[in-house]
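This report refers to the structure that appears directly beneath it.
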Amino acid sequence: MGLGKKTVEELDVRGKRVLVRCDFNVPMKEGVITNDNRIVAALPTIKKLIENGGKVILCSHLGKPKNGPEEKFSLAPVAVRLAELLGKPVTFAGDDAVVGENAKAAVAAMQPGDVVLLQNTRFRKEETKNLPEFSQDLASLADCYVNDAFGSAHRAHCSTAGVTDYIKDTAVGYLMEKEIRYLGNAVNDPVRPFTAILGGAKVADKLNVIDNLLNKVDTLIIGGGMAYTFLAAKGYEVGTSLVDSEKIDYCRDMMKKAEEKGVQLLLPVDTVVTASFPDPIDGPVAVETVASSAIPAGKMGLDIGEKTQTLFADAVKASKTVVWNGPMGVFENPILAAGTLAVAKAMAEADATTVIGGGDSAAAVMQLGFGDKMPHISTGGGASLEYLEGKELPGIACIQNA
């Protein structure tokens, strides 16, 4: 499957002002960046635009400021870290209005290869409502636009979509290109056998994903908290495990659909149970492993058991394409991380294209030390899910076709 969108490689930026939407939504503690992965991930696109003589104007959101500008959500620390990583100055235009006097003056003074970072786009209330006033302000700074923020591509905001109503020369950056190629190809043109693994807490979060993937996969693996609603739908006792009682009929329908389509739907055959949820989440907890069809009334399932780990790992290793979204258990607790670890290990060892679909699964894979073994770890949790649902993402749809 071709990309279908103009890429940063095809954009003529020499001497032009280029507005780049990045994902600099990095974790911070008391004004200090605690993980700069997202800044590092944006470097190839930024460096390419610098090398090609563009005047590079960067924008991003950070956190969720409620009532306009909040100092704790300022992108000033990002400008400092970015300058260190690029080895050249980055001018921070700290306007609460984002496109204010500082930004206008900084952009007016730019020479080819210069870099300016605008203030947090969510300091403007128009941003999340995609109102034209802010889109026009952003567009007034630039001649062309590059979106490299896949993590925000599922949102139609001013900086991700609205701005393209006023800038016609648009492209996707390297990060976005990689996401579209890996996720798009994995789901729409997979090398078979194709297996999808869904975990995480709630069935409700993944209703459309399950439905869409059953039309595409050879095997669908369900683990994590959402598995207990499926087990309940089979008539099993699930104790005090997390169950979405309103979705039991839906799970029955999905199991029937899998059967009709000849899709192998794998559920846990054994479960690690505890008397109560660990508090703190990473604290000590007494566990036992029981059959998934016989969870004791007063116990809750919080991870997949060893037999299930083997069952799931064997399915992964027999596949040529594997997409994974959502952990198998409470991976933040070392005692309850074994299932997620087993799946991560199987994916790392598989002779397959493996795609980790953002969010908790990405965090788990990095935390467990398998990050460098995976061809692609998505940078977008919600965006990855919507891609897996088969939705068109506004931040991609608005970019010029190739």
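Side chains are part of it too, since the values below use all heavy atoms of this structure and drop only hydrogens, waters and symmetry mates. For the single chain, residues carry numbers from 1 onward in sequence order.
- In this structure, a donor-acceptor pair under 3.5 Å is present between the side chains of Asn401 and Lys5.
- Lys206 contributes a side-chain N or O that, together with a main-chain N or O of Gly199, makes up a donor-acceptor pair within less than 3.5 Å.
- Donor-acceptor pairing under 3.5 Å is recorded for the side chains of Ser159 and Arg21.
- In terms of modelled atom types and a separation under 3.5 Å, the side chain of Arg124 and the main chain of Ala97 share a donor-acceptor contact.
- The side-chain heavy atoms of Thr195 and Val217, taken from C-beta on, include no pair separated by under 4.5 Å.
- Ion pairing of Asp351 with Lys320 is present here, as a side-chain N (NZ or NE/NH1/NH2) and a carboxylate O approach within less than 4.0 Å.
- Formation of a donor-acceptor pair under 3.5 Å by the Asp23 side chain with backbone atoms of Ser60 is not found in this model.
- For Lys317, the NZ atom is densely surrounded, since the number of other residues' heavy atoms within 6.0 Å is greater than 12.
- For the pair Asp303 (side chain) and Val272 (backbone), a donor-acceptor distance under 3.5 Å is absent.
- Between Asp270 and Lys307, no side-chain nitrogen of the basic residue sits less than 4.0 Å from a carboxylate oxygen of the acidic one, so the salt-bridge criterion is not met.
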Item to check | Working for salt bridge (Lys or Arg N to Asp or Glu O under 4.0 Å), residues Arg81 and Glu84 | outcome: CA-CA 5 Å; Arg81 182 66 186 127; Glu84 290 169 358; 2.8 Å; yes
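- Distance alone, capped at 3.5 Å, places no donor-acceptor pair between the Asn52 side chain and the Val13 backbone.
- Side chain of Asp148 to main chain of Leu175: a donor-acceptor pair is present (N/O by atom type, distance under 3.5 Å, no hydrogens or angles).
- Across all their heavy atoms, Leu75 and Gln119 have their closest contact at N-OE1, 3.0 Å.
- Using a distance-only test at 3.5 Å, with no hydrogens or angles considered, no donor-acceptor pair links the side chain of Glu386 to the main chain of Ala383.
- With Glu126 contributing its side chain and Pro132 its backbone, the two residues share no donor-acceptor pair below 3.5 Å.
- Using a 30° and 60° split on the angle between ring planes, Phe150 and Tyr387 fall in the tilted class, from 30° to 60°.
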Item to check | Residue pair Tyr145, Ile399: steps toward the side-chain contact (heavy atoms from CB on, under 4.5 Å) verdict | outcome: CA-CA 9 Å; Tyr145 170 81; Ile399 299 297; 3.9 Å; yes
Next on the checklist: Does Lys256 form a salt bridge (Lys or Arg N to Asp or Glu O under 4.0 Å) with Glu260? I'd like the steps, not just the answer.
Outcome noted: CA-CA 6 Å; Lys256 187 167 177 248; Glu260 287 167 355; 3.5 Å; yes
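- Summarising the local packing, NZ of Lys129 is surrounded by 12 or fewer heavy atoms from other residues, nucleotides or ligands at distances under 6.0 Å.
- The pair Lys104-Asp95 fails the salt-bridge criterion, with no side-chain N (NZ, NE, NH1 or NH2) lying under 4.0 Å from an Asp/Glu carboxylate O.
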Item to check | Worked verdict on Leu58 versus Leu82 for side-chain contact (heavy atoms from CB on, under 4.5 Å) | outcome: CA-CA 11 Å; Leu58 308 173; Leu82 185 60; 3.3 Å; yes
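- Panel note: side chain Thr160, backbone Gly395; no donor-acceptor pair is recorded below 3.5 Å.
- The side-chain hydrogen bond (donor to acceptor under 3.5 Å, both in side chains) test with Tyr174 singles out one residue from Glu9, Glu179, Lys47, and that residue is Glu9.
- For CD of Glu306, the number of neighbouring non-hydrogen atoms (other residues, nucleotides, ligands) closer than 6.0 Å is 12 at most.
- A donor-acceptor pair under 3.5 Å is absent between the side-chain atoms of Thr34 and the main chain of Lys29, judged by distance alone.
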Next on the checklist: Checking Leu19 against Cys59 for the side-chain contact (heavy atoms from CB on, under 4.5 Å) test, could you report, in this order, the C-alpha distance in whole Å, the side-chain angles of both residues, the deciding distance, and whether it holds?
Outcome noted: CA-CA 7 Å; Leu19 180 68; Cys59 68; 4.0 Å; yes
Next on the checklist: What verdict does the side-chain contact (heavy atoms from CB on, under 4.5 Å) test give for Asn102 and Phe92, after you've listed the backbone C-alpha separation in whole Å, the side-chain angles of each residue and the deciding distance to 0.1 Å?
Outcome noted: CA-CA 9 Å; Asn102 290 324; Phe92 179 59; over 6 Å; no
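- A salt bridge is absent between Lys55 and Asp143; no separation between the charged side-chain nitrogens and carboxylate oxygens falls under 4.0 Å.
- Glu259 CD: 12 or fewer foreign heavy atoms inside a 6.0 Å radius.
- Nearest heavy atoms, Leu141 versus Ile57: O-CD1, 3.5 Å.
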